[in-house]
Amino acid sequence: THTFNIMINVLCKEGKFKKAMEFVGVMEISGFKPNVVTYNTIINGYCSKGKIENARRIFGEMKVRGIYPDSYTYGSIINGLCKEGRLDEGVEFLDKMVENGLVPTAVNFNALIDGFCNKGDLEKAFGYRDEMVKRGVAPTLSTYNVLIHSLFMEGKDGTADSLIKEMEGKGMKKDDVTYNILINGYCQSGNVKKAFELLDEMLVEGIQPTRVTYTSLIYVLSKSRRMKEAADLFEKVTRNGVTPDLVMFNALINGHCVNGNMEQALSVLKEMGRRKVRPDEVTYNTLMQGLCRDGKVEEARRLLDEMKEKGISPD
RNA sequence: CUGCUCGUUU
């Protein structure tokens with residue numbers, strides 16, 4: 001069953017729900033019963049693709065089959081609803097899980113808090129932070145990261161700082177996500193110096209920068225017209241064992257485009273091919289926009305055809 | 001074996 005669940009998870013993450021359901025059939029025929037994890041995997045797959053109604057259908061189905069939803073099941077649905085901005089429904093589900101005898105976990109609260117943060121309702125976000133504490137659920141590092149993220153993006157650095165102090169007072173240390181939030185915040189406001197200072201601090205603290213970190217740094221360097229440094233950074237980290245992903249490539253391509261170097265941008269596209277990273281609509285949008293701005297409308301047309309050939313839908 | 005927080009184009 002574990003092995004089937006792992007395969008079903010892969011299919012769901014790729015959005016291949018038909019195949020995933022076929023697999024459930026195969027596992028039953030082979031004598032393995034789908035368990036709560038199997039259902040949770042499918043429900044989460046649907047939720048993370050924004051197909052909440054499908055998730056709710058499976059949610060009903062599992063109950064009929066005598067499998068009881070747990071905090072993961074509810075968590076996936078709450079998160080899916082919150083991501084869609086359907087916060088009151090998210091809150092309803094949290095209440096519903098309590099009615100069904102489950103105790104909401106920090107993860108469940110964090111999903112709601114993040115939802116309210118993304119709505120810009122910090123009042124309610126902090127309200128649920130207080131609520132979780134009241135119910136005896138301790139805020140986690142993710143809780144802090146969620147709150148720090150929205151405070152920092154809103155420019156409320158002081159409040160963000162005091163939250164960091166509070167968190168450290170509880171014995172939690174800034175992790176890679178915390179640093180990425182701070183670094184990216186400075187990158188978005190074009191503060192190269194602060195961003196790199198935090199990178200240094202991160203290294204001193206023994207925290208490994210991630211692709212996310214490098215993407216933010218490449219972004220700020222290219223916006224600051226320091227494309228050479230951006231490209232050098234990319235080259236250096238990939239040489240040192242970081243496998244660039246789609247987003248990192250897209251940031252680099254965008255940098256070349258913004259800095260008017262379409263030849264380099266296109267050669268990065270080729271490098272993606274060599275490294276077996278599939279370009280997506282962001283890649284093509286970026287390149288086509290760059291080419292058009294450069295007056296190379298014909299080349300842009302060619303790329304549009306190429307993306308259609310690859311089955312990527314243009315917008 | 002499954003759920004929460006950070007990065008790229010418009």
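Chain identifiers are assigned alphabetically (A, B, ...) following the order of the sequence lines, protein sequences preceding nucleic acid strands; residue numbering begins at 1 within each chain.
Within 4.0 Å (heavy atoms only), Asn118(A) reaches no atom of the nucleic acid at all. Counting non-hydrogen atoms under 4.0 angstrom, Asp315(A) reaches nothing in the nucleic acid. Here Thr41(A) lies in heavy-atom contact (under 4.0 Å) with sugar-phosphate atoms only. Base contact: Ser71(A) has a heavy atom under 4.0 Å from a base atom. Across all strands shown, Met248(A) has heavy atoms under 4.0 Å from base atoms, whether or not it also approaches the sugar-phosphate. Here Thr105(A) lies in heavy-atom contact (under 4.0 Å) with a base. Nucleic acid contact for Val146(A): sugar-phosphate only, since backbone atoms but no base atoms lie under 4.0 Å from a heavy atom of the residue.
The ring pair (Phe, Tyr, Trp, His ring centres under 6.0 Å) search around Tyr284(A) returns none, not counting sequence neighbours. Legend: residues meeting ring pair (Phe, Tyr, Trp, His ring centres under 6.0 Å) with Phe4(A), ordered by chain and number and at least two apart, are Phe32(A). Scanning for salt bridge (Lys or Arg N to Asp or Glu O under 4.0 Å) contacts around Arg278(A) gives an empty result, with sequence neighbours left out. Not counting sequence neighbours, the partners of Phe17(A) by the ring pair (Phe, Tyr, Trp, His ring centres under 6.0 Å) test are Tyr46(A).
Distance CG (Leu112(A)) to P (rG3(B)): 18 Å, rounded to an integer number of Å. Rounded to whole Å, atom P of rC6(B) lies 11 Å from atom CG of Asn110(A). Remark: C1' of rU8(B) and CG of Asp280(A) are 9 Å apart, rounded to the nearest angstrom. Rounded to whole angstrom, the span from the CD1 atom of Ile253(A) across to the P atom of rU10(B) amounts to 14 Å. Between Asn259(A) atom CG and rU9(B) atom P there is a gap of 13 Å when expressed in whole angstrom units. In this structure, Leu287(A) atom CG and rU8(B) atom C1' are separated by 12 Å, rounded to whole Å. If you measure from atom CD1 of Ile8(A) to atom P of rG3(B), you get 14 Å, rounded to the nearest angstrom. If you measure from atom CZ of Arg129(A) to atom C1' of rC4(B), you get 17 Å, rounded to the nearest angstrom.
Side-chain atoms of Thr213(A) stay outside donor-acceptor range of the base of rG7(B), with no qualifying N/O pair under 3.5 Å. With hydrogens and angles ignored, a donor-acceptor pair closer than 3.5 Å exists between the side chain of Thr215(A) and the base of rG7(B). You won't find any donor-acceptor pair under 3.5 Å spanning the side chain of Asp176(A) and the base of rG7(B), going by distance alone.
Note on Lys13(A): a side-chain N or O is less than 4.0 Å away from OP1 or OP2 of rG3(B). Within the 4.0 Å cut-off from OP1 or OP2 of rU8(B), not a single side-chain nitrogen or oxygen of Gln289(A) is found. Close to rU5(B), at under 4.0 Å from its OP1 or OP2, lies a side-chain N or O of Lys83(A).
Distance from the side chain of His149(A) is smallest to rG7(B) among rC1(B), rG7(B), rU9(B). Closest contact between the side chain of Ala111(A) and the listed nucleotides rC1(B), rG7(B), rC4(B) involves rC4(B).
Residue pairs meeting the side-chain hydrogen bond (donor to acceptor under 3.5 Å, both in side chains) criterion with at least one partner in residues 255-271 of chain A, sequence neighbours excluded, are Glu271(A)-Arg275(A).
Side-chain polar atoms of Thr38(A) and Asn5(A) form a donor-acceptor pair below 3.5 angstrom.
Contacts between residues 50-70 of chain A and RNA chain B, defined by a heavy-atom separation under 4.0 Å, are absent.
Of the possible donor and acceptor atoms, one in the side chain of Arg211(A) sits under 3.5 Å from a partner among the backbone N and O of Thr243(A).
Between Tyr74(A) and Phe59(A), the two ring planes are perpendicular [angle over 60°; tilted spans 30° to 60°].
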